[in-house]
Amino acid sequence: MREMIKMVMVLTIITAVSGGILSVLKTSTEEKIESQVLKFQKAPAIGAIFDTATNDPLKERFKIPTKVKDKDIEITFFPAVLEDGSKAVAFEAKGAGFGGDVGLMVGIDLETDKIIKARVTTHSETPGIGSRVKDDATYVSQFTGMGFDATFKLKNNGGDIDALSGATVTSKGVSVAAAQVKKLYLKLKPQILNKMK
Amino acid sequence: MDNKIKLTVSHAPFWHDGDSICKMNLHIMLAAMPAVIFGIVQFGMPALGVILLAVSSSMFFELIMNFATKRSLSTGDFDAALIGLLFGMMLPATTPWWVVVIGAFVAIVIGKQIYGGIGANPFNPVLVGVAILMVSWPGYFDSDAALLNYQFDFKALAPLAALKHQGVSAIDFFPIKTLIMGQQVGTIGTNFGLGLILGGIFLIIKGYIRWEITISYIAGIIITALIFNLSNSGSYAGPMFHLFSGYTLFGAIFLATENSSSPVNLIPMLIYGFLGGLMVILIRNLGAYPDGTVFAILLINLINPLIDYIRPKALGRGVNNA
Amino acid sequence: MAQSIAKEFTKGLWTEIAPFRIVLGLCPILAVTNTVENGIGMGLATTFVLVFSNFFVSLFRNSIPAKVRIPCFIVIIATFVTIVELLMQAYTYPLFLKLGIFIPLIVVNCIVLGRAEAFASKNAPHLSIADGLGMGIGFTFSLAVLSAVREIFGTGAITFYETPIVLFGPSFEPFTFMVEAPGAFVCLGLLLCIMNLIPKK
Amino acid sequence: MIKRPFTGLSQPKLKYDSVESDPKGPETVLMPSNILLLLNDSLDSLRTSLIKKEDQVKKGEKLSLYTESTEYVISPVSGVIKKIESYPGEFGNIKTYLVIGTEENDDFVNDFEEHADKFELEAAAKLLKSLPGAPPFETLIDPTKKIHTLVISGVDEDLASTTRQYFLSTAPEDLKEGIKILQNLTKIPKIILTVPEGFNVEFEISGMQVFNISSFYPNALPEMIMKNQLKTTVPQGKTCEDIGVCFISSEAVVSIAKACRDKKVHFEKLVCVTGKDGVQKRIKTSIGTPVKSIFKHLNIHTNKNDRIVIGGPFKGFSVFTIYHPVQPCMDSIIVQDAGIIPFVSDSACINCGKCIKICPANIPVNLLVRQLEANLFEEAKETFDLESCIECGLCSYVCTAKIPIFQYIRLGKHELLKMKTETEKEGANG
């Protein structure tokens, strides 16, 4: 009995200490990580999407709180004014891929409601197979010019998205992310316009 | 009982049918000769150079490994020479010397010797060599590009690559008769269908390859290709085209039948061969590579130990009569 | 005492170098050794985890009941792996992106748990640190060697922070097979073979 | 020696020699001045043996080493024991050989005479075991083996021998008489006579069946007769005798008939001798005659590194001395010239599959030999059917890599037997 108690105690203490340390570390590095993520992940994607932006979308970013599946989250939006004067916004959504979530950054023209460009930001897909969705820009270029009347599903599921050969699960994750973008955009468009005034 | 004469004492049986590994390998090499000679005539001296380099470097690496592993010399059984010959036959005539040498190294050292030498290799060593070269330097295996400087009196296109890139309409360039007579762009020793078939028949009659594998492999090719062709003749070529182009016949006769990496019981041999043919056509019709023989046979090599468990019940096993 | 610390430290560098002598930690060595940068990064991350987990396991070795020792070790190891992950995310983000899914796998790397179980749980903290450091550096060295072989033959150059050091001239045609997954197996096998030809001492 | 046929598609056909339609009688080889007797018993220096050097023996005298020994030989001559020494047999089995210098006197000890009129199995086992043809009386009296079928083999098991067929075709009357004696003696209900294909048996005995045996090796092996003719399979690890079938050679049956008729045992053994030129000759000589005397008579010269094979090319054994004596069970002798002895190699199995095709017992020989080479006898038995082997030797005959597979198999079986007896001993002790 005593041994039992000791076992439980030791395990509890160790896990508690470990949890404490980790939570402290997590909060203290959160900001740094976010800036790193912005710098290395979002920035290249934003740069690629808004290659003709006249402003700095990273700096002007704003957050809108919303609910996704009954969970409160904040979504970061990157507004941009393009060379031709049109206003656009970019934000990221996630879909489950093969190794974890696949992040898809989508830039949307606010006037025409059409996708300017899309880029994959983060993923944990198998190198050489699923990772091609990020490395190979020709795959995500199929989103360019799509409107929100399109169905963001894979073609063999009756949608409009081509699958990347050999990486169906990853492609599915990308299409789920795109569908999420559509949903969020349609829901949050008034607030976005409001913020961007 | 004094012993004046020293007699030989050994164990039964005291007769032997006189076969040997050396004899077997020489027969297989002899069977490959029509195709090799045809290739040398067609592609000239460079082809002879590739073949000789492949054979000699294979034997050289075998010798090196014999010394490294402190075993008795095994070049005398001609197994390394056979591997080198078959490997050389699978290369285009223009392959650079260093590619041949690296391939021979891979085939002998990584494909055969590190598993313990003859009889222990789980994969066909020739194919290990060719596959690694194909993955690393696909350019040299693109027969169209490799043989650019040759003048042929037939359509100078590799049939399978043409099929892959131009669709089924391309097969009109290649009448079956020209394919059988080796009038196609390709590697040194795998084009000449007639020569390969003659060699194959010779080996089957002599009993040095297992006919069950060859026949079921060809049956696999024909049946699968026919199913594809019948379901959609606009996108998939017919069985005869598949049978006489690329490595198919060479694979059926010399590669799939490699002793150590293929099964020995009847039913497994039939399954093994048929799956090989099936995989070849699947890779050609659905996969990324124009010719799937190399990977298809490596794949069936993998399942060999598993399917070879299907075997007839041994005499008296599980019998319980009193 | 200094002698025994030195002994524990140096054994991981040669006589018990992982994975060539003790065949442990094959998962990372096969997965991340396609470039030297990745190899060394993975090695250093593992070293960090190894040193700290060894230290803490050794520190608490007398208070951890034998029956729950493996869960305890795993918690300790996992904590340090998470720390490494967070720190890498915060300070070496590009490397983190490359090593991605392999960092959490340090938890199940046999070397870490193996050293905790075989060494740290039986020895004093200072020896355990020496052991962890030696093992980690040896492991890093192995990863560096293997990845160097693969990267040099596979690409003809070694790339550090996106600046390639070209080792062969333009006539070199990369042996692409080496940086692919099967190349890792073949290459590791050949290195193991060579290591076995070299006597331990 | 039969070589591989040109085509490898069909299996090599090894045809049994068949006896001529009008067989020539055997040449008689006279007994030399010294003869040898092999006794299946080992010398024990701690005990005093019943026989020793310089002992006088009489023709027909039963010789055994110790009082409690069941093994014996019957001396075919009168003379003096000149030597008693150990003879190393296979797998470390020690036998004993006796050298007897023959003497010119006709003392005949006839122990059998009193039993000859109405003898019983026990007496037969005690006195007739070393008759030419080696009748298996020990099996017949063994109470643990309920023998219900007696097979009289009129066909030779191995190639290069026609001894049994010779008796089948030249001595049908003796054979008939012998079978009747055995029937009365053993009360075994089922008697079977095996004869070569196309052979007509001229006599009939109630309760006797005649089976024709295919003329290709290994169809005359007991296990194959069981499978093809008797339609029963011998379970793994058991012998034919274990499931109640006993085999006896036609020569043994004829010998029994003669012994009963003449009321004495006799020692004339028929042997087929194949010389270096491949010519087969039939000779008759007394048990105990060294093979050297036979060679001298037939003008066969043995040189260094030649090989003398006793008992057929597939199942026989080779001897290290030209003084090896003729024994009751020795049907044939083959002399091979040093130049034509096939090599054995230490090559690994190359998995060519020829052994699989030829094995009559469906054993996965290619896998089995790998286990045996690594001394994994238990695995070999459990998974790779070591004990299904009927020991025909065909796998070694066709082996391209020239691996001594047959020897590996026999060694494996021997090791298993040794392990089994050791565990039994331990079980008895503990």
Side-chain angles (χ1 to χ4, degrees), chain B residues 1-24 27 72 74 77 79 116-120 203-212 258-266 269 304-305 308-309 311-322, chain D residues 1-4 7-9 12 36 97 99 223 227 232-236 243 302-309 313-323 334 336 338 341-342 344 347-353 356 361-364 366 385 388 390 393 396-398 400-402 404 406-407:
Chain B
M1 212 150 71
D2 49 340
N3 251 323
K4 278 176 194 144
I5 301 173
K6 272 210 169 113
L7 296 171
T8 304
V9 178
S10 59
H11 25 68
F14 301 98
W15 285 357
H16 192 271
D17 71 356
D19 213 352
S20 70
I21 302 176
C22 170
K23 229 179 201 176
M24 178 183 78
H27 272 92
S72 55
S74 61
D77 63 16
D79 194 55
I118 187 166
L203 286 181
I204 286 175
I205 289 177
K206 290 292 283 178
Y208 284 120
I209 60 175
R210 281 162 249 159
W211 61 269
E212 295 90 340
E258 201 266 339
N259 278 329
S260 162
S261 54
S262 56
V264 288
N265 291 307
L266 179 65
M269 281 196 281
N304 158 40
D308 217 12
Y309 270 101
R311 57 174 194 239
K313 204 172 79 177
L315 189 73
R317 185 177 182 80
V319 175
N320 222 352
N321 56 358
Chain D
M1 181 142 53
I2 297 164
K3 288 280 184 189
R4 188 173 204 271
T7 58
L9 258 184
L36 285 103
Y97 68 82
V99 180
E223 288 86 351
K227 184 184 155 200
T232 40
T233 322
V234 185
Q236 278 185 334
I243 62 166
T302 46
N303 305 318
K304 198 183 167 207
N305 291 344
D306 285 356
R307 185 158 66 184
I308 298 172
V309 177
F314 283 92
K315 293 181 71 77
F317 58 95
S318 60
V319 291
F320 59 83
T321 164
I322 52 170
Y323 293 96
I334 301 169
Q336 288 179 322
I341 295 175
V344 236
S347 166
C349 169
I350 59 163
N351 210 39
C352 66
I356 302 286
N362 291 334
I363 297 171
N366 60 331
D385 304 311
S388 290
I390 64 166
S396 299
Y397 171 74
V398 298
T400 305
K402 296 186 175 162
F406 185 33
Q407 186 63 13

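All chains are named by letter (A, B, ...) in the order of the sequence lines, taking the proteins before the strands, and each is independently numbered beginning at 1.
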Could you grab the distance from atom [atom1] of [X] to atom [atom2] of [Y], nearest 0.5 Å is fine?
X: D:T400; Y: B:H16; atom1: OG1; atom2: NE2; value: 7.0 Å
X: B:F14; Y: D:S396; atom1: CZ; atom2: OG; value: 10.5 Å
X: D:K304; Y: B:L7; atom1: NZ; atom2: CG; value: 11.0 Å
X: D:N351; Y: B:S262; atom1: CG; atom2: OG; value: 6.5 Å

Testing the basics here: between [X] and [Y], what is the closest heavy-atom pair and its distance to 0.1 Å?
X: B:R311; Y: D:D385; result: NH2-OD2, 3.8 Å
X: B:P13; Y: D:F314; result: CB-CD2, 3.7 Å
X: D:S388; Y: B:R317; result: OG-N, 4.4 Å

For B:S74, is it the side chain, the backbone, both or neither that has a heavy atom under 4.5 Å from a heavy atom of chain D? neither

If I measure from the heavy atoms of chain D, does B:K313 come under 4.5 Å with its side chain, its backbone, both, or neither? backbone

Could you have a look at D:G393, D:P364, D:A348 and say which one has the most heavy-atom pairs with chain B under 4.5 angstrom? D:P364

If you count heavy-atom pairs under 4.5 Å between each of D:V309, D:I363, D:I390 and chain B, which one has the most? D:V309

Using non-hydrogen atoms and a 4.5 Å limit, figure out which bit of D:N366 sits close to chain B: side chain, backbone, both or neither. side chain

Select one option (side chain, backbone, both, neither) describing which atoms of D:C352 are under 4.5 Å from chain B's heavy atoms. both

Indicate yes or no: at least one non-hydrogen side-chain atom of B:I21 is less than 4.5 angstrom from one of D:S347. yes

Does a side-chain heavy-atom distance below 4.5 Å link D:T233 with B:L315? yes

Given 3.5 Å as the limit, does a donor-acceptor pair link the side chain of D:S318 with the main chain of B:V9, or not? no

side-chain contact (heavy atoms from CB on, under 4.5 Å) partner of D:I356, the single match among B:V264, B:L266, B:D308: B:V264

With side chain to side chain contact (heavy atoms under 4.5 Å, CB included) as the criterion, how do D:I350 and B:M24 come out once you've worked through the C-alpha distance, each side chain's angles and the decisive distance to 0.1 Å? CA-CA 11 Å; D:I350 59 163; B:M24 178 183 78; 3.4 Å; yes

